[in-house]
Amino acid sequence: MTEPPIRVMVVDDHPMWRDAVERDLQAAGFDVVGVAANGSEAVARFPAARPQVLVLDLQIPAPNGVEVTAEVLRHDPSARVLILSASGEQADVLEAVKAGATGYLVKSASREELLDAVRRVAAGDTVFTPGLAGLVLGEYRRLSEPAAADPANPELTERETEVLKMVAKGLSYRQIADRLVLSHRTVQNHVQNTLRKLQMHNRVELTRYAIEQGLDDADA
Amino acid sequence: MVLVANAVGLNVYRADNYQRPVAGLVLVAVMIGWTAFTVWAYADPARRTRVVLGLDLAVALALLLASPLVKGAGFSATVPGFWVMGALLAWAVHWRWRGGLVAALVLAVSDLAIREDVSQTNYGNAYLLVIGGVVIGGLAESLQRMAEQRDTAEREAAAAAERARLARAVHDGVLQVLALVQRRGSELGGDAAELGRLAGEQETVLRGLIHAQDAVPADGVAGTVDVAAELARLERPGVVVAGPGVPVELAGQAGRELVAAVRACLDNVERHAPGARSWVLLEAVGDRIEVSVRDDGPGIPEGRLSEAADQGRLGVSESIRGRVADLGGTATLTTGPEGTEWEISVPREGR
């Protein structure tokens, strides 16, 4: 390996898990630059450790995984967040993704799946599970319902919907590329776009909320 | 306050009625002072003691009885007039309809007793006083009962939310350990691998249960089934269920039929393609509910379905189609070497 190893930080309140993940990552040649057992440690250690990838458990002592995701990405937008969750709390997972996380795995994933996910997230890819794809699809469907209709709401193109649906049905990017006669890269881009639009929309919503609440004055 | 202003005003207006104006002035001053005191005393529940309430009624009574002394025997209106209502209301609110009745009777009887001749108006006023006391007491009682019921409901809701939070915390810990055992077990091999496999099965079952439980609060809608929660229960090793993360309600019978159809699809995979993995995707698209069940098995051999039909056997696929058709929906089957997929679409009623 001529490339420098990928810098990773592991955040998990469960010591057994934290150690296991750290060991696996180190054994596979990753550089574990930091660990944290809760949200405040994670946020405090992140700037000095400067990881490329944050492997983050959602259920940690406050601030929770969603807030940590938003906070570290505000500090370093080039960092990537991979959510590793035991229970897959659906609402939390969706919020974390909206806050900017680009990968999601359940803890029952094998070691190889985890290592592969860290590599892909570090490279800028998004790591979806069928479950996450289902949640994202559901979120777009809700945003497009007449009751919630707002011209500012993000919409998926037909192709993006098609691809996301296939991910939710458990097809791999390779299988999707074959079925739709697209390149692997194009499929990857479509999937990425679905997340990017949601994240952008989330930022706009937060800003709008802040302005409505008059919180923007504090920053000005 | 309004009552005291009214009484003071009336007394000033009728000042010439007083035989002893100074004594009358003293009585009015007492009235104002006592009103100020009661406003302060009743503001805090801790100060609403029997003594204060008793005194309140006693002062009202004393003012009432003093009327003939300062105004002369042939007076038409008592010094406090309607002001006595203050004490009456306090009794009614505090001791419910019984308190209201007692206070009203005491006041009414003394009011009538001090008059030389009882006119119809006097009697009417006294009568209203008694009725009013009882009615307000009754109202106070039912108000309090409602407040108690509301408090109970709020306490129950808070307890349920706390239970759910605790359950999540406990489950999360259990899931962590199960996932870890599964992971390490499969790496160690041998007996440990078997333990790991068992842990993995339990982990999947528990996760499915939690997802189903998360959706429980929406269960309140009468007679509907949350298809999202029911399908989440079908998750097991080799079966992944994806949904929108919010409840998807369908009328009871239709909901149960849809879930049964999906279960039949999954059972079919297990029977004909053992070891194959399945994915279930639930979507609510406008006024329709769409469910896809896909597996990565070898697919159904060509001619197999029509062969079954020719032999007069109603295959599983026909029973699935029939079920969905009964719901006014459609079920389409695609199969190939890459696996088999059922796409079920049913209308969402009442929307």
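Every chain is numbered from 1 and lettered A, B, ... according to where its sequence line falls, protein lines coming before strand lines.
For the 3.5 Å distance criterion, the side chains of A:Arg80 and A:Thr102 fail to qualify, holding no donor opposite an acceptor.
Of the two parts of A:Ala109, only the backbone, made up of N, CA, C and O, holds a non-hydrogen atom closer than 4.5 Å to a non-hydrogen atom of chain B. Residue A:Leu114 touches chain B through its side chain alone, counting heavy-atom pairs closer than 4.5 Å. Heavy atoms of A:Leu137 lying under 4.5 Å from chain B belong exclusively to its side chain. If you measure heavy-atom distances from A:Leu171 to chain B, the contacts under 4.5 Å come from both the backbone and the side chain. With a threshold of 4.5 angstrom between heavy atoms, A:Arg111 approaches chain B through its backbone and through its side chain.
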After noting the C-alpha distance and the side-chain angles of A:Glu71 and A:Arg74, does the key distance pass the salt bridge (Lys or Arg N to Asp or Glu O under 4.0 Å) rule?
CA-CA 5 Å; A:Glu71 185 58 38; A:Arg74 198 164 26 243; 2.7 Å; yes

Trace of the salt bridge (Lys or Arg N to Asp or Glu O under 4.0 Å) decision for A:Glu205 with A:Lys98:
CA-CA 11 Å; A:Glu205 286 289 291; A:Lys98 283 188 190 166; over 6 Å; no

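Between A:Arg141 and B:Glu290 there is no salt bridge, since none of the side-chain N atoms of the basic residue sits less than 4.0 Å from a carboxylate O of the acidic one. B:Glu201 and B:Arg197 are joined by a salt bridge, as a carboxylate oxygen and a charged side-chain nitrogen come within less than 4.0 angstrom of each other. A salt bridge does not link B:Asp296 with A:Lys169: every distance from a Lys NZ or Arg NE/NH1/NH2 to an Asp or Glu carboxylate oxygen is 4.0 Å or more. Between A:Lys107 and A:Asp57 there is a salt bridge, since at least one side-chain N of the basic residue sits less than 4.0 Å from a carboxylate O of the acidic one.
For the atom pair CZ of B:Arg348 and CG of B:Asp287, the computed distance is 9.5 Å after rounding to the nearest 0.5 Å. Between the CG atom of A:Leu56 and the OG1 atom of A:Thr69 there is a distance of 5.0 Å, given to the nearest 0.5 Å.
In terms of heavy-atom pairs under 4.5 Å with chain B, the best-connected choice from A:Pro130, A:Ala133, A:Gly138 is A:Pro130. Note on B:Glu283, B:Glu338, B:Glu341, B:Gln182: by heavy-atom pairs under 4.5 Å with chain A, the leading option is B:Glu283. Top candidate by heavy-atom pairs under 4.5 Å with chain B, chosen from A:Gly131, A:Ser144, A:Gly134, is A:Gly134.
Residues B:Arg288 and B:Gly329 come closest through the heavy atom pair NH2-CA, 4.2 Å.
At a heavy-atom separation below 4.5 angstrom, chain A is approached by B:Trp279, B:Leu281 within residues 259-281 of chain B.
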